[in-house]
Amino acid sequence: MNKYNHKEIEQKWQEKWQKDNAFKIDKDDNSKPKYYILDMFPYPSGDGLHMGHTESYTASDVYYRFKKMQGFNVLHPQGFDAFGLPAENFAIKTKVHPAETTEKNINTYIGQMKMLGLAYDFDEKAITSDPKYYKWTQWIFEQFYKNGLVYKKTSKTNWCPSCQTVIANEQVVDGKCERCGTEIEQKEVPSWFFKITDFADDLIEGLKKIDWPEHTKKNQVNWIGKSEGAEIEFRIQNSEFKIKVFTTRPDTLFGATYMVLAPEHPIIENLENRIQNLDEVKNYIERAKNKTEMDRIEGKEKSGVELKGIRAINPANNEEIPIFIADYVLGGYGTGAIMAVPAHDERDWEFAKKYDLKIEPVISPMIVQNPDYSVKHSEQKSVINFIADVREGKYCFAEVGYLVNSGKFNDSYSVAAKETITKEVGGKMTINYRLRDWSISRQRYWGCPIPIVYSPDGTAHLVPEEHLPWTLPADVDFVPTGTAPLAKSKELKERTEKIFGAGWTPEVDTMDTFVDSSWYFLRYPDPHNEKEFCSESRLKNWLPVDLYIGGAEHTYMHLLFARFFVKAMNKIGLVNFDEPFQRLRHQGMVLDAQGKKMSKSKGNVINPNDMVNRFGADSVRTYMLFAAPLEDEVMWNEDNIVGVYRFLEKVWKLNSKVKNQNSKSQFKIQNLLHKTIKKVSNDIDNLKYNTAVSAMMILINEMEKEEEIAQQDYENFLKLLAPFAPHITEELWQILGNTNSIHDESWPKFDENLMKDTSHTVVIQINGKVRGEIQIEEGTSDDDVKKLAMEQEASKKWMMGNEPKKIIYVKNKLVNIVI
RNA sequence: GCUUAGGUGGCGGAAUUGGUAUACGCGCAGCACUUAAAAUGCUGUCCUCUUAAUGGGGAUGCGGGUUCGACUCCCGCCCUAAGCACCA
């Protein structure tokens, strides 16, 4: 038999599978149970597939092959998130049209995926930049629009001076543009928004019924940031103006000794003529304006300026209190104004200490004023001292408790007082979210055009459905000038006037690419449909997605946006489910051998193609999954992959020990084989691939020691390995005389009878310490085992003549003699 | 600072969820094969005491606790990584 030649084998089978259309499925076949496994589709960058893709796509490919062998009709599609900035930036540099680069890159990716033996049917892919795809992105936009989920507003937005585009808060990383790393500026820009906040509660609630990692769910809940509180109005002295604040602690209202406004709070303009230190205030506002939100909240030291000459009235006790502006209060959260209670809020306390402001304690850990309240005198005294310390600024007490210095509310419990105090001062209980509506407008070229046109009076109208796809014009110069590239398209302008009339103008912004990727999984079941985004029957057959595998870095954006899309579409009646991904698992990052992130600048990026050439796709696939648990980081260590390569070589060589169908392997081997079948099946199902591979290695090491192996047993083993190493197993399968594909075989079943052990090793412990072991026959009675254990020399020695107080027997495992 | 995850040999990592800690793989050492090397196979490989075997003691970040028995559960502390950033 020849040496294991991975190159030859892998090329041979990849060509054969291609020729046989091995990865095609009948999407209307209802005779089998369905399973929909989804990968996060890649952005086709010029760098090609990276190791992170390799791990994640291999993980899903293994699951696909496993489920298929188990008799499921499995949909495991792939596509490309093809709109986006890199292609446009590349076009700016090289003048090569993004459509051209994108197509080239997609072909590279497809080639690489085939090289890895990934079983995708590329005739069924979805490409977001394809007009046949984005027609439906636009169509869904229009449905959202018609149902009041889209609105336009002019607002302060993050502006990336390098990309010349608006980016969402969620896409700002450390005050810098997520894509290019440039510092973000603030700019007033008109933008279209999706009302994701309408679904804030549903997005929290829906998490309860899906099988996602707990930390991912928690992170989404924190991101949405629901907080219950009250809105309360403070009057400004000698003026009709009022300032509304949001607070989660209305129970502390009596302790509000000053107010703080965000520098961008609109009321400041109205009061300018009364501000005595207007220059100082304007200066502060100007400085805050240039800071990004990140800068403002990152500063350790709080800063602020008092609005001199203006005072507010605390509605609870009618006291006059000063008003400050400070950039630690954000314009975009709550009402952009707070009441400051330094005695009971850490941030307010810090600010009050710095500017020497009054601190008034209004919450006590226990009731102090009620004379009937039966607590010891000494305890009363210490609480009174504690309150005095809080007033002096020694501590900040941010807990709940009992009210003091709060007039008629004294002694009431702070949780109960929230509502009564709010009512008393005419405020109302409200719920506030950290989540903001999703700004989707981008002043970029390479994106999905927003299907909106404006009549001569400036009113927005949807482009009627019959004109979809509303195509991206080709006659555009990409060089950014601060105005949207589409504004320069003659074709788009003429098209608009031709259809709608003279003076009509097109919307020139394109959509955030997260819009494209928020619904792509709905397209895969029916990617060629020109009449619907997906037919009703295919939707019903395939959705929701059963298993979604991808990186945890998408927790806040993609995964939240996709859930919003499905919830919105469900509300409109376009789909009949409200959670897109039933089960979600993350894969960890792939690091270099030193445990560092791979990056171009560090020059430690590893190209999957090189690895496949050197070790073969089967080794690369198996090693990626063997090296660490799927959700953990994997260090790509070239020295370690040889272990997997040797394993595959052993599998290969073992073929020469295979004896014909009628022979039987030793019981020992059959026993281990069936245990392995059970373990590998369970492990794959739970995506614990590392231990599945290890179990197969153990089996092979045992089989290797035998003179001969029954063909049936060897074949069963090959089936277990087939999802991980599809090429070598297919080749060996054929060498054994089979004419069909191993990947069309059914998954081996384990035989409980063959898994039973005839004897067991039982460990003997004296007082919990291991002192020996005995072999017992299967079926030995508990009493006999205990007796046997007591009779051992070692036991006698360690019992030192003592009678056991207690004997614990764990069936077939352990006897613990307690003396 | 907050949140989440984690801390087990020289390294990547196992441990049936409270029952022999260190499976499997890498590396290392020795042996066999070879003119030699590579490759391959075999043996050994947590630390420590004892010349050594037998055997003993210790060890899952640190300190306590529960239990016949703890990597696993509880309390306190330390450290690492990732994410989030004053959310009123």
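Worth knowing before you read on, the calculation uses all heavy atoms, side chains too, and leaves out hydrogens, waters and symmetry mates. Treat the numbers as computed from the prediction; the structure is a model and nothing was measured. The chains referred to below are lettered A, B, ... by the order of the sequence lines, with proteins before strands, and numbering in each begins at 1.
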Of the candidate nucleotides [options], which contains the atom at the shortest distance from the side chain of [X]?
X: I338(A); options: A88(B), A85(B), G41(B); answer: A88(B)
X: L814(A); options: C68(B), A88(B), U20(B); answer: U20(B)
X: R434(A); options: G19(B), C84(B), G13(B); answer: C84(B)
X: Y328(A); options: C86(B), C84(B), U40(B); answer: C86(B)
X: K813(A); options: G19(B), C84(B), U40(B); answer: G19(B)
X: R347(A); options: G13(B), C84(B), C87(B); answer: C87(B)

Which pairs pass salt bridge (charged side-chain N to carboxylate O under 4.0 Å, His left out) with one or both residues in [range], sequence neighbours excluded?
range: residues 213-225 of chain A; result: E214(A)-K217(A)
range: residues 633-642 of chain A; result: R614(A)-E638(A)
range: residues 758-768 of chain A; result: none

Checklist entry - Taking the same atom, P, in G55(B) and in U60(B), what whole-Å distance lies between them? => result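 Going atom to atom, P in each nucleotide, I get 23 Å.
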Item to check | T216(A)-H586(A) side chain donor-acceptor pair, cut-off 3.5 Å | outcome: yes
Item to check | Donor + acceptor pair across side chains of T197(A), D437(A) (<3.5 Å) | outcome: yes
Checklist entry - Does K769(A) have a side-chain nitrogen or oxygen under 4.0 Å from the phosphate oxygens OP1 or OP2 of G58(B)? => result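 Result: yes.
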Checklist entry - Reckon R771(A) has a side-chain N or O less than 4.0 Å from the OP1 or OP2 of G56(B)? => result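 Indeed, a polar side-chain atom of R771(A) lies that close.
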Checklist entry - Which residue lies toward the 5' end of RNA chain B, G334(A) or E773(A), if each is placed at its nearest nucleotide? => result E773(A)
Checklist entry - How would you list, by chain and number, every residue that makes a ring pair (Phe, Tyr, Trp, His ring centres under 6.0 Å) with Y433(A), sequence neighbours excluded? => result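 Counting only residues at least two positions away or on another chain, Y433(A) forms no ring pair (Phe, Tyr, Trp, His ring centres under 6.0 Å).
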Set out, line by line, the N/O atom pairs under 3.5 Å between protein and nucleotides 1-4 of chain B.
none

Checklist outcome for this item: Separation of A82(B) atom C1' from E631(A) atom CD, nearest Å, is 15 Å
Item to check | Rounded distance (Å) that lies between atom P of A81(B) and atom CE of M635(A) | outcome: 12 Å
Extract from the structure each pairing of a protein N or O with an N or O of nucleotides 21-26 of chain B at less than 3.5 Å, listing the distance.
unit_1 : atom_1 : unit_2  : atom_2 : d
G25(B) : OP1    : N701(A) : ND2    : 3.1
C26(B) : OP1    : R646(A) : NH1    : 2.6
C26(B) : O2'    : N640(A) : OD1    : 2.4

Checklist entry - What nucleic acid atoms does V763(A) come within less than 4.0 Å of, heavy atoms only: base, sugar-phosphate, or nothing? => result base
